Amino acid sequence: MSARVVDVGDGVSIRIDQVRGAADGPTVALLGGVHGDELEGILAVRTLLDRIGGSRGAGGLGSGRVLAVQVANPPAHDAMSRTSPLDGANLARVFPGSPSGTVTERIADALAHHVIARADLLVDLHSAGAHYAMPFFAGYGDPAAADDTYAFGAPLVWVHEGLNPGRSLTTAAEHGVAALYVEGSGGGGLRRSEVDGYVDGVLRLLGRRGMVDDPPPAGVVRRVVRGGDGDVDSSVSADVAGWCVTAVRAGDVVGAGDPVAEIVDGRGRVAQRVTAPHDGVVMMLRRSAPVVEGTGIVMLGPVPEELP
């Protein structure tokens, strides 16, 4: 295993780890920590590097190459924040970036050129972050990534209608690279079952390409959500400040008008009732209680298909 450090200026650098197999083969790129408070992907990348960085006989990489970024957004991670404290930007909204832009745009440019453009498959490992909850799922917008997304083996798959500008997956598509993303429950903690799910999912994708021996058994996809763009910034928001008291859980299916949460004031009185704007599945839900006006509370995806 080797590593390269790319300096993007202003004291910020990106470490790119590389593991090469004994034989030639495809390149799989992994991104962790695009949002600084999303820990699952960071730990999963570190675990995978430890797993595949040894000899073939010890479970290492037999062929091909893995390019892995443990922490894609160091300023945000140092601050344990979704966005960068240096420029307030959201890395997941500025791809492909610019070599002469803000710090976050320069990070995106470095990732686009040194990681994404050099891959055959991109796996961007996200989660709900410190303040939200999401179900464990894998999603894609480019049909080229469909088979890999199902093969990843998360219990829920989200099939998007398209790809929004500014995303790593959009940049991948522009380079002809298949790409999927993964989300987990977040909340500032780590669940062993989910971290293992991330690791096993990536190993399955490497196994599909003959890059590792004995990948984990196939995962079981139980539900499929079709439609929507997955933009968590378009969630239903709080109208007032207070504490958020939720009435549902991430992954629950709700009907239009169903209660989702309440915002209570300093006396414990309900200041706002948050209801579902339409039928759907709860794909993101506020977990931290304190909120201010404009804080996102819930995002719904289309009603899922239950698979046999």
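These numbers come from a predicted model, not from an experiment.
Checked by atom type, the side-chain pair Ser127/Glu38 shows no donor-acceptor distance below 3.5 Å. Arg65 and Gln18 form a side-chain donor-acceptor contact under 3.5 Å, judged by distance and modelled atom types alone.
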**Report entry** side chain to side chain contact (heavy atoms under 4.5 Å, CB included) assessment of Val66 paired with Arg20
**Finding:** CA-CA 7 Å; Val66 171; Arg20 282 192 176 274; over 6 Å; no
**Report entry** Derivation and outcome, side chain to side chain contact (heavy atoms under 4.5 Å, CB included), residues Ser185 and Met134
**Finding:** CA-CA 5 Å; Ser185 61; Met134 300 180 87; over 6 Å; no
Report task. With side chain to side chain contact (heavy atoms under 4.5 Å, CB included) as the test, would you mind laying out the steps for Val282 and Arg249 before giving the verdict? Result -> CA-CA 7 Å; Val282 178; Arg249 296 177 299 178; over 6 Å; no
Query raised in the report: Given the rule in the salt bridge (charged side-chain N to carboxylate O under 4.0 Å, His left out) test, do Asp10 and Arg106 qualify, once you have shown the distances and angles that lead to the verdict?
Result: CA-CA 10 Å; Asp10 291 314; Arg106 298 198 301 270; 2.4 Å; yes
Query - Stepwise side chain to side chain contact (heavy atoms under 4.5 Å, CB included) check, Val291 with Arg286 - result: CA-CA 9 Å; Val291 298; Arg286 180 73 180 180; 3.6 Å; yes
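Within the 3.5 Å criterion, the main-chain N or O of Gly228 finds a donor-acceptor partner in the side chain of His160. No donor-acceptor pair under 3.5 Å is formed between the side chain of Thr170 and the backbone N or O of Gly166. Between the side chain of Asp87 and the backbone N or O of Thr104 there is at least one donor-acceptor pair closer than 3.5 Å. Put simply, the side chain of Arg209 gets close to the backbone of Leu205: a donor and an acceptor are under 3.5 Å apart. When atom types are taken as modelled, the side chain of Glu305 and the backbone of Val224 share no donor-acceptor pair closer than 3.5 angstrom. In this structure, Trp158 contributes its side chain and Gly227 its backbone to a donor-acceptor pair below 3.5 Å. In this structure, the side chain of Gln272 engages the main chain of Asp239 through a donor-acceptor pair within 3.5 Å. No side-chain donor-acceptor contact under 3.5 Å links Thr246 to the backbone of Leu285. Using a distance-only test at 3.5 Å, with no hydrogens or angles considered, no donor-acceptor pair links the side chain of Tyr140 to the main chain of Ala178. Panel note: side chain Arg191, backbone Asp196; no donor-acceptor pair is recorded below 3.5 Å.
Closest heavy-atom contact between Arg208 and Asp147: NH2-CB, 3.8 Å. When all heavy atoms are compared, the tightest approach of Leu49 to Met1 is CD2-SD, 3.8 Å. The minimum heavy-atom distance between Val298 and Ser235, with the atom names listed, is O-CB, 3.0 Å. Nearest heavy atom pair, residue Ser237 against residue Gly294, reads OG-O, 3.5 Å. A pairwise comparison of heavy atoms in Ala271 and Val240 identifies CB-CG2, 3.8 Å as the closest pair. Residues Cys244 and Ala261 approach most closely at SG-CB, 4.0 Å, considering heavy atoms.
Annotation: side chain of Val69 is in contact with side chain of Val115 (closest heavy-atom distance under 4.5 Å). Asn73 has its side chain within reach of Ile107: a pair of non-hydrogen atoms, C-beta onward, lies under 4.5 Å apart. Using a 4.5 Å cut-off on side-chain heavy atoms (C-beta onward), Thr47 and Asp50 make no contact. Between Leu91 and His35, every side-chain heavy-atom pair lies at or beyond the 4.5 Å cut-off. When side chains are defined from C-beta on, Phe152 does not count as touching Arg204, because their heavy atoms never get closer than 4.5 Å. Asp279 is not listed as a side-chain neighbour of Leu300, based on a closest heavy-atom distance of 4.5 Å or more. Side-chain contact between His126 and Val182 is absent, with no heavy atoms from C-beta onward closer than 4.5 Å. A heavy-atom distance below 4.5 Å is found between the side chains of Leu163 and Asp142.
Note that the CG atom of Leu30 and the CG atom of Leu206 stand 7.0 Å from one another [nearest 0.5 Å]. Here the OG1 atom belonging to Thr171 is positioned 5.5 Å from the CD1 atom belonging to Ile116, to the nearest 0.5 angstrom. Taken to the nearest 0.5 Å, the NE2 atom of His131 stands 12.0 Å off from the CE atom of Met284. In this structure, the separation between CG on Leu31 and CD on Gln70 is 12.0 Å, given to the nearest 0.5 Å. To the nearest 0.5 angstrom, Leu307 atom CG is 10.0 Å from Arg223 atom CZ. Rounded to the nearest 0.5 angstrom, Thr275 OG1 and Glu262 CD are separated by 11.5 Å.
In the hydrophobic clustering of this structure, Val94 groups with Val6; members are Ile, Leu, Val, Met, Phe, Trp, Tyr whose side-chain heavy atoms approach within less than 4.5 Å, directly or through other members. Residues Val245 and Ile263 do not share a hydrophobic cluster, defined by chaining ILVMFWY side chains whose heavy atoms lie under 4.5 Å apart. Linking ILVMFWY residues whenever their side-chain heavy atoms come closer than 4.5 Å, directly or via other members, places Ile52 and Val202 in the same cluster. Taken together through direct or relayed side-chain contacts under 4.5 Å among Ile, Leu, Val, Met, Phe, Trp and Tyr, Tyr198 and Leu61 form part of one hydrophobic cluster. There is a path of hydrophobic side-chain contacts, each under 4.5 Å, that joins Phe136 to Leu203.
By the 30° and 60° cut-offs, the orientation of the rings of Tyr181 relative to Phe137 is perpendicular.
Within 6.0 Å of NE2 in His175 there are more than 12 heavy atoms belonging to other residues, nucleotides or ligands. Other residues, nucleotides and ligands place more than 12 heavy atoms under 6.0 Å from the CD atom of Glu174.
The one candidate from Leu122, Val123, Asp124, Leu125 that meets the side-chain contact (heavy atoms from CB on, under 4.5 Å) condition with Leu180 is Val123.
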